[in-house]
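Here the structure is laid out as structure tokens; the discussion comes afterwards.
Just the heavy atoms: all of them, side chains too, but no hydrogens, waters or symmetry mates, feed the values below.
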Amino acid sequence: MNKLSLETEGERVVIVRRRFAAPPQDVYRAHTDPELIQQWMLGPPGWSMPVCTNEARPGGKIRYEWSDGKGGGFSLTGELIELDPPHRIVHVERMHLPDPTPDNRIETTFTAEGTGTLMVMRMNLPDAATRKAMLETGMEHGMEASYARLEECLSA
Amino acid sequence: MSELAAPFAISQPAISRHLKVLEDAGLILRRSDGTRRPCRLAPDALTELDAYLSMLRDALETNYSRLDRLLASAQLHKKRKKKEGP
């Protein structure tokens with residue numbers, strides 16, 4: 001029931017769908033309250049979020065900084081555009097790798113489904129150069145280990 | 001092939017069919033080595049788009065699992081009670 005679904009729409013859009021066993025107001029709050037965001041939006045195990053700013057109003061600033069605990073990390077900045085609690089958030093963000101990636105406009109909706117919530121997040125599919133930069137950052141942090149394990153299995 | 005089948009509840013002939021599909025799609029390379037046919041991932045087989053989507057999926061799944069636990073914890077309900085107040 002909580003399975004994540006990811007699909008691309010054309011060549012420019014990614015749509016993420018995920019169900020949560022909690023009402024929309026809780027899931028919405030977990031996406032806008034910095035004290036809560038800092039506890040789950042952490043990336044791979046071992047990472048922390050030393051800086052978490054989210055000014056939940058139109059024009060409000062977003063700033064997240066992640067640390068891998070070994071001197072490495074990266075950050076994300078953005079601005080909130082529209083908020084319609086607990087139904088919808090529209091914001092724009094970019095990652096700093098350390099060079100800024102192109103702006104990504106993201107629309108997130110929270111819809112009640114029984115006692116739970118369906119979250120749908122619609123965002124840009126980054127261009128090939130941005131994907132490459134993100135992969136290069138990601139590769140240091142566990143992806144390579146996964147591919148290596150997969151290759152081991154297949155070479156048995 | 002027995003090494004591949006062993007961890008899974010799937011027969012050797014079924015594994016063999018799956019490997020042939022992967023081989024025909026150019027995703028794995030196999031060579032004959034007597035009765036063993038070692039295979040490995042073909043270089044560049046996973047496009048960088050697939051690799052990116054896979055990385056995104058992993059990152060989101062890890063984060064959302066944590067969010068599941070947070071949503072189930074007492075913490076959100078305590079916060080809600082504090083907001084409602086006397």
query: Should Leu56(B) and Met123(A) be marked as a side chain to side chain contact (heavy atoms under 4.5 Å, CB included) after you check the CA-CA gap, both sets of side-chain angles, and the distance that decides it?
result: CA-CA 12 Å; Leu56(B) 180 61; Met123(A) 56 198 217; 3.7 Å; yes
- request: Begin with the C-alpha distance, continue with both residues' side-chain angles, and end with the deciding distance and a verdict on side chain to side chain contact (heavy atoms under 4.5 Å, CB included) for Tyr52(B) and Leu125(A).
  value: CA-CA 10 Å; Tyr52(B) 167 79; Leu125(A) 179 61; 4.0 Å; yes
message: Between Leu60(B) and Met121(A), is the side chain to side chain contact (heavy atoms under 4.5 Å, CB included) condition met? List the steps.
response: CA-CA 11 Å; Leu60(B) 291 173; Met121(A) 192 165 62; 4.3 Å; yes
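Among the candidates Ser5(A), Gly43(A), Pro45(A), the residue making the largest number of heavy-atom pairs closer than 4.5 Å to chain B is Gly43(A). Note: Asn63(B) leads Asn63(B), Leu71(B), Thr62(B) in heavy-atom pairs under 4.5 Å with chain A.
Val51(A) is linked by a side-chain contact (heavy atoms from CB on, under 4.5 Å) to Thr53(A), Arg63(A), Glu65(A), counting only residues two or more places apart in sequence or in another chain.
Contact annotation for Val14(A): only side-chain heavy atoms (C-beta onward) come within less than 4.5 Å of a heavy atom of chain B. Both the backbone and the side chain of Leu53(B) come within contact range of chain A, judged by heavy atoms closer than 4.5 Å.
Sorted by first then second residue, the salt bridge (Lys or Arg N to Asp or Glu O under 4.0 Å) pairs that include residues 42-55 of chain A, not counting sequence neighbours, are Glu55(A)-Arg57(A).
Relative ring orientation between Tyr64(B) and His31(A) is described as tilted, the plane-to-plane angle lying within the 30° to 60° band.
Put simply, the side chain of Arg18(A) reaches to within 4.5 Å of the side chain of Asp68(B), judged on heavy atoms.
More than 12 non-hydrogen atoms from other residues, nucleotides or ligands lie less than 6.0 angstrom from CD of Glu7(A).
Note that the CG atom of Leu70(B) and the CE atom of Met41(A) stand 11.5 Å from one another [nearest 0.5 Å]. Atom-to-atom distance recorded for Leu4(A):CG and Arg57(B):CZ is 5.5 Å, nearest 0.5 angstrom.
Linking Ile, Leu, Val, Met, Phe, Trp and Tyr residues whenever their side-chain heavy atoms come within less than 4.5 Å leaves Tyr64(A) and Ile81(A) in two separate clusters. One hydrophobic cluster, built from ILVMFWY side chains closer than 4.5 Å, holds both Ile62(A) and Leu83(A). Neither Tyr28(A) nor Val90(A) shares a network with the other; the hydrophobic side chains, linked directly or stepwise wherever heavy atoms of I, L, V, M, F, W or Y lie under 4.5 Å apart, form separate groups for each. No chain of hydrophobic side-chain contacts below 4.5 Å, direct or via other Ile, Leu, Val, Met, Phe, Trp or Tyr residues, connects Phe110(A) to Leu118(A). Both Leu97(A) and Trp47(A) sit in one connected hydrophobic cluster of ILVMFWY residues. Membership requires side-chain heavy atoms under 4.5 Å apart, directly or through other members.
Contact between Arg131(A) and Glu48(B) at its shortest, heavy atoms only, is NH2-OE2, 2.8 Å.
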